[in-house]
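Below is one structure, written out as structure tokens, with a few remarks after it.
Proteins get letters first, then strands, A, B, ... in listed order; numbering begins at 1 in each. Being a predicted model, the structure only gives us computed values, none of them experimental.
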2 protein chains.
Amino acid sequence: MKQKTATTIFESLSSSIRLDIFRLLVKKGYSGLVAGEISTSLGIAPNNLSFHLKALTQAGLLTVEQEGRYQRYRADINLMQDLITYLTDECCSEDICTQSADTPSNICVQTFSKNKS
Amino acid sequence: MKQKTATTIFESLSSSIRLDIFRLLVKKGYSGLVAGEISTSLGIAPNNLSFHLKALTQAGLLTVEQEGRYQRYRADINLMQDLITYLTDECCSEDICTQSADTPSNICVQTFSKNKS
DNA sequence: TGATTATTTCAATAATTCTTGTAATATTGA
DNA sequence: TCAATATTACAAGAATTATTGAAATAATCA
């Protein structure tokens, strides 16, 4: 994953409106929702919603499918897993992880669990 | 996790400078780095770096420990796992997941893998 | 103590993002 | 075709965030 991709995803989810939209669509699963339903459900003005849907879609967090005059949006959470990998794949590569095993703020927990399983 | 916590984390990582800082510290593991080392390593002016370190720390992504006249920063990636849970814990709760099993953009993959393992 | 170094704070400007209103586009149904 | 509905595009002002320079704070060392 490129850095630009990552910052775009984070930027997309840094707005409470967009986070609400994404979580709503995650909940709705494959069914997704059309723009009007999202607008009603979250109480966001259609034009403002369109602005945020565009941002989420461009970040790759949503997919859109045309259904007649409706646009159906769905969340794509696969991208989230790639994002975590991007953040943590070099975890502790320049440090001895074991040092942190017994500290309260253990930044290597994820790496440890990966190794254990 | 509260919505405000989540948006703050996303906002923190939406800047390329802050993403660089976080990834650098993830790499450095428990050793972490002091502010001056981060400044040199990434070529960021000390006062600007301080601005971004403050943002990351307030979001909970970094911890700070005083060492004499140095401030040692460390990444806390545990928070990332909580964040993923916040995003996906209600995944497909209002939809039949199986519908998406054979589609290219399968938003439920994560849920499926969880169930399989 | 006095000088030096590390880091943070503050203020000002530049840049970016959000929201709203209005208009445009496109599909549906009579 | 015409009217109604769904959605998007554009433009302008308000609000927020980033960067820089200068100064302040605090710890170290001679």
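- A cation-pi arrangement is absent between B:Arg18 and A:Phe10, since the terminal nitrogen or guanidinium carbon is not both under 6.0 Å from the aromatic centre and inside a 45° cone about the axis.
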request  = List the steps, then state whether side chain to side chain contact (heavy atoms under 4.5 Å, CB included) holds for B:Thr57 with B:Tyr73.
outcome  = CA-CA 9 Å; B:Thr57 304; B:Tyr73 289 88; 3.6 Å; yes
note = Letter by letter from the 5' end, nucleotides 3-18 of chain D scores (B base, S sugar-phosphate only, - none; protein heavy atoms under 4.0 Å) --BSSBB--------S
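- At distances below 3.5 Å, not a single donor-acceptor pair connects side-chain atoms of B:Ser41 with backbone N or O atoms of B:Ile38.
- Atoms CD (A:Gln66) and P (C:dA26) sit 10 Å apart, rounded to a whole Å.
- A residue-by-residue look at A:Glu67 and A:Ala45 shows that A:Ala45 has its nearest nucleotide of DNA chain C further toward the 5' end.
- Judged purely by atom type and a 3.5 angstrom limit, B:Thr88 uses its side chain to pair as donor or acceptor with the backbone of B:Ile84.
- Linking ILVMFWY side-chain heavy atoms closer than 4.5 Å, directly or via other members, places A:Leu87 and B:Leu79 in a single hydrophobic cluster.
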